[in-house]
Amino acid sequence: MEEAKERSLHFIEQIIEEDLKSGKHASIITRFPPEPNGFLHIGHAKSICLNFGLAQKYGGVTNLRFDDTNPTKEDTVYVNSILEDVKWLGFEWEGEPRFTSDYFDILYNFAVKLIQKGLAYVDDQSAEEIASQKGTPTEPGKESPFRNRTVEENLELFGDMKSGKYREGEKVLRAKIDMAHSNMHMRDPLLYRIKHAAHHRTGNDWCIYPMYDFAHGQSDSIEEITHSLCTLEFEVHRPLYNWLIEHLEIYPSRQIEFARLNLNYTIMSKRKLLSLVEQKAVDGWDDPRMPTISGLRRRGYTPESIRNFSERVGIAKRNNVIDVGFLEFSVREHLNRIAPRVMAVLNPLRLVISNYDEGKVEMLETINNPEDESMGSRELPFSRELWIEQDDFMKEAPGKKYFRLAPGCSVRLKSAYIITCDGFDEDENGNVTTVYASYHADSKSGSDTSGIKAKGTIHWVSCQHAFDAEVRLYDRLFNDENPDGHKDREFMEFLNPDSLSIVQNCKLEPGLASAKPGDGFQFQRLGYFSVDNKYSLPGKPVFNRTVTLKDGWKK
RNA sequence: UGCCCCAUGGUGUAAUGGCAACACAUCUGAUUUUGGUUCAGGUAUUCAAGGUUCGAGUCCUUGUGGGGCAACCA
């Protein structure tokens with residue numbers, strides 16, 4: 001089978017194809033370089049799919065590298081979550097996971113080399129002094145009084161920094177470039193700082209740590225990464241990235257920037273996500289309302305749906321905001337194909353079929369997935385008293401376009417009989433307590449000879465067979481399209497107070513009692529639901545609503 | 001007010017000097033034992049001005065608008 005039409009190449013693919021064609025590279029190596037200081041989110045998923053996807057497409061490999069140069073923020077719990085998320089998305093990195101901290105010795109020697117070439121110096125000034133000399137984007141900076149130390153002195157001082165002779169902040173190593181450069185990052189950027197902090201992997205071996213600019217590109221180079229893909233904000237770092245590679249005379253990896261993914265009605269900053277977790281606004285990094293990969297997983301998203309989404313949003317350099325509805329489309333599309341259909345009543349209302357024998361139970365066959373015959377069918381118990389959805393009954397039909405139940409109206413009970421509503425009971429507050437109906441015995445699903453036409457079909461669960469469960473319904477975490485985009489208001493102010501509603505005693509068809517964490521279903525007419533991996537107990541699953549069904553009903 | 005990046009329907013992304021298209025969203029209609037799915041169709045797009053060219057969304061100039069850059073963060 002041929003694909004209808006080949007998708008056109010995005011700009012990074014074009015660069016790669018040119019490099020392959022010209023012989024610049026025989027094959028490609030990409031990398032995914034997270035800092036282990038938080039959980040990965042959907043924006044990282046885009047980057048993961050890009051980097052690993054490119055390597056797959058062009059027969060190359062992808063390294064997973066933890067950019068762990070700041071011991072005060074990083075932790076192995078994050079390393080482990082990242083490992084899990086990348087694997088879950090379906091990707092395999094080349095060899096063992098790598099760590100920038102594995103390269104600390106090499107990086108130190110790179111720094112020594114730069115000093116020897118007269119291109120780096122030790123500065124004794126404080127952070128404030130250095131900042132004040134940096135200039136502004138429109139004014140040049142001033143040179144440090146320590147800028148012209150001799151190579152010997154710099155070598156000795158840098159050695160002393162390494163051996164722990166100084167306190168934090170007392171000295172830094174800087175590149176000697178140009179304090180008047182129009183690019184702020186070229187104004188003698190910091191290369192190393194002193195931190196007397198234990199590192200999650202190297203412990204107390206080091207008390208100096210390289211800065212991002214002196215670690216990332218060098219690590220790319222050490223691994224001979226051919227195409228180093230990052231987001232737009234690093235564009236201004238590229239001249240420095242190239243300068244260091246050139247003067248260190250090491251493998252020339254190429255940095256290419258693309259626009260990061262933004263989603264409306266959420267935030268994507270790791271720092272802000274962390275504060276949601278710390279302030280307990282959510283139930284951890286993997287809360288199903290979080291845009292994290294682990295949150296989406298717990299919510300019931302599939303790796304395939306996230307990969308499709310990442311593919312479809314495209315790669316370009318233009319700032320973008322993707323509608324969260326597009327993500328939902330991707331998961332519905334996949335779940336529609338694979339999720340077994342089941343009966344579940346979230347807000348139960350008792351329905352009594354007056355003309356059905358008391359005590360009688362019929363087993364009715366129902367198909368598991370109309371989209372996939374191979375998924376077969378199962379049997380559902382039917383009896384005189386059923387649970388139906390409160391929303392499926394009204395005391396009075398509002399109009400001709402109403403297809404559900406009301407006195408005098410008929411509906412099809414999915415996979416069972418057509419019923420006609422005869423009346424209802426209500427309490428003193430006007431709340432309906434029981435609905436009464438008669439069934440048409442000759443309208444049985446599959447052998448209907450009644451000739452009755454029911455406009456609507458509703459779902460149901462037999463009262464005596466129903467299984468009670470907790471179901472969690474989610475709405476967007478923020479009420480505002482861009483919670484993080486207001487000058488004088490904090491993103492927390494836009495938290496949606498109704499983003500989680502826990503519904504107890506939902507009535508589910510009996511087979512669902514054995515559902516396992518991670519299992520996904522379509523609750524017919526309601527949406528897709530997945531068994532929670534945190535609160536479910538054996539035989540007592542808790543269901544998370546992944547996403548509602550598309551609602552095409554216009555009143 | 002310096003440097004860098006960007007500008008195509010409501011949202012994304014294509015068109016690589018030659019008929020502005022695809023997906024989502026939206027609207028019609030058909031089918032349907034899920035108001036789901038599926039199918040058919042509709043609405044809607046090149047920031048502005050000038051230039052180059054037989055021909056410009058695409059190249060050039062200027063302007064406008066948006067974003068980024070002054071952490072011992074990454």
Contact under 4.0 Å: [X] side-chain N or O vs [N] OP1/OP2:
X: A:R404; N: B:G35; value: no
X: A:R312; N: B:U13; value: no
X: A:R332; N: B:U37; value: no

Pick base, sugar-phosphate or nothing for [X], based on heavy-atom distances below 4.0 Å to the nucleic acid.
X: A:P370; value: base
X: A:F403; value: base
X: A:D213; value: nothing
X: A:I458; value: nothing
X: A:G446; value: base
X: A:R271; value: nothing
X: A:E235; value: sugar-phosphate
X: A:E257; value: nothing

> What's the verdict on ring-ring contact (aromatic ring centres under 6.0 Å, His included) for A:Y241 and A:H216, showing C-alpha distance, side-chain angles and the deciding distance?
Replying inline: CA-CA 8 Å; A:Y241 183 101; A:H216 196 102; 7.2 Å; no

Across all strands shown, which nucleotide pairs with [N] by Watson-Crick or G-U wobble geometry, both distances under 3.5 Å?
N: B:A71; value: none
N: B:U52; value: none
N: B:U64; value: B:A7
N: B:U34; value: none
N: B:A21; value: B:U13
N: B:A40; value: B:U28
N: B:U1; value: none

So which protein nitrogen or oxygen atoms get under 3.5 Å of nucleotides 68-73 of chain B's nitrogens or oxygens?
unit_1, atom_1, unit_2, atom_2, d
B:C69, O2', A:H185, NE2, 3.2
B:C72, N4, A:Q125, O, 3.1
B:C72, N4, A:A127, N, 3.1
B:C72, N4, A:G169, O, 3.1
B:C73, OP2, A:R193, NE, 3.1
B:C73, OP2, A:R193, NH2, 2.8
B:C73, OP2, A:K195, NZ, 3.4
B:C73, O3', A:R193, NH2, 3.2
B:C73, O2', A:N70, ND2, 3.2

>> A side-chain contact here means heavy atoms from C-beta on lying under 4.5 Å apart; do A:D85 and A:L83 qualify?
In response: no

>> Determine whether the aromatic ring centres of residues A:F234 and A:Y212 are separated by less than 6.0 angstrom.
In response: yes

>> Are A:F309 and A:Y301, when compared by the centres of their aromatic rings, separated by less than 6.0 Å?
In response: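 So the answer is no for these two rings.
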
> Between A:F529 and A:F523, how do the two ring planes meet: parallel, tilted or perpendicular, split at 30° and 60°?
Replying inline: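 Taking A:F523 first and then A:F529, their aromatic rings lie parallel (interplane angle under 30°).
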
> Mind checking whether A:W206 and A:Y108 have parallel, tilted or perpendicular rings, split at 30° and 60°?
Replying inline: tilted

>> Check this for me: does the side-chain of A:Q522 come within 3.5 Å of the base of B:U34 through a donor and an acceptor?
In response: yes

>> Determine whether a donor-acceptor pair (one donor, one acceptor, N or O, separation below 3.5 Å) exists between the side chain of A:S445 and the base of B:U33.
In response: yes

With respect to the side chain of [X], which nucleotide from [options] is positioned closest?
X: A:I322; options: B:G35, B:A74, B:G12; answer: B:G12
X: A:T457; options: B:U1, B:U34, B:G12; answer: B:U34
X: A:F326; options: B:U13, B:U34, B:A23; answer: B:A23
X: A:K414; options: B:C24, B:U37, B:U34; answer: B:U34

Between [X] ([atom1]) and [N] ([atom2]), how many Å, whole number?
X: A:E328; N: B:A23; atom1: CD; atom2: P; result: 20 Å
X: A:W460; N: B:U33; atom1: CH2; atom2: C1'; result: 13 Å
X: A:K453; N: B:U31; atom1: NZ; atom2: P; result: 11 Å
X: A:D68; N: B:A74; atom1: CG; atom2: P; result: 10 Å

>> Minimum heavy-atom separation for A:M179 and A:K142, please, with both atom names.
In response: CE-O, 3.3 Å

>> Strictly below 4.0 Å, N to O, side chains only: are A:R312 and A:E333 in salt-bridge contact?
In response: yes

> Are A:D372 and A:R337 ion-paired here, with the side-chain N under 4.0 Å from a carboxylate O?
Replying inline: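 Not counted as a salt bridge, because no side-chain N and carboxylate O are separated by less than 4.0 Å.
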
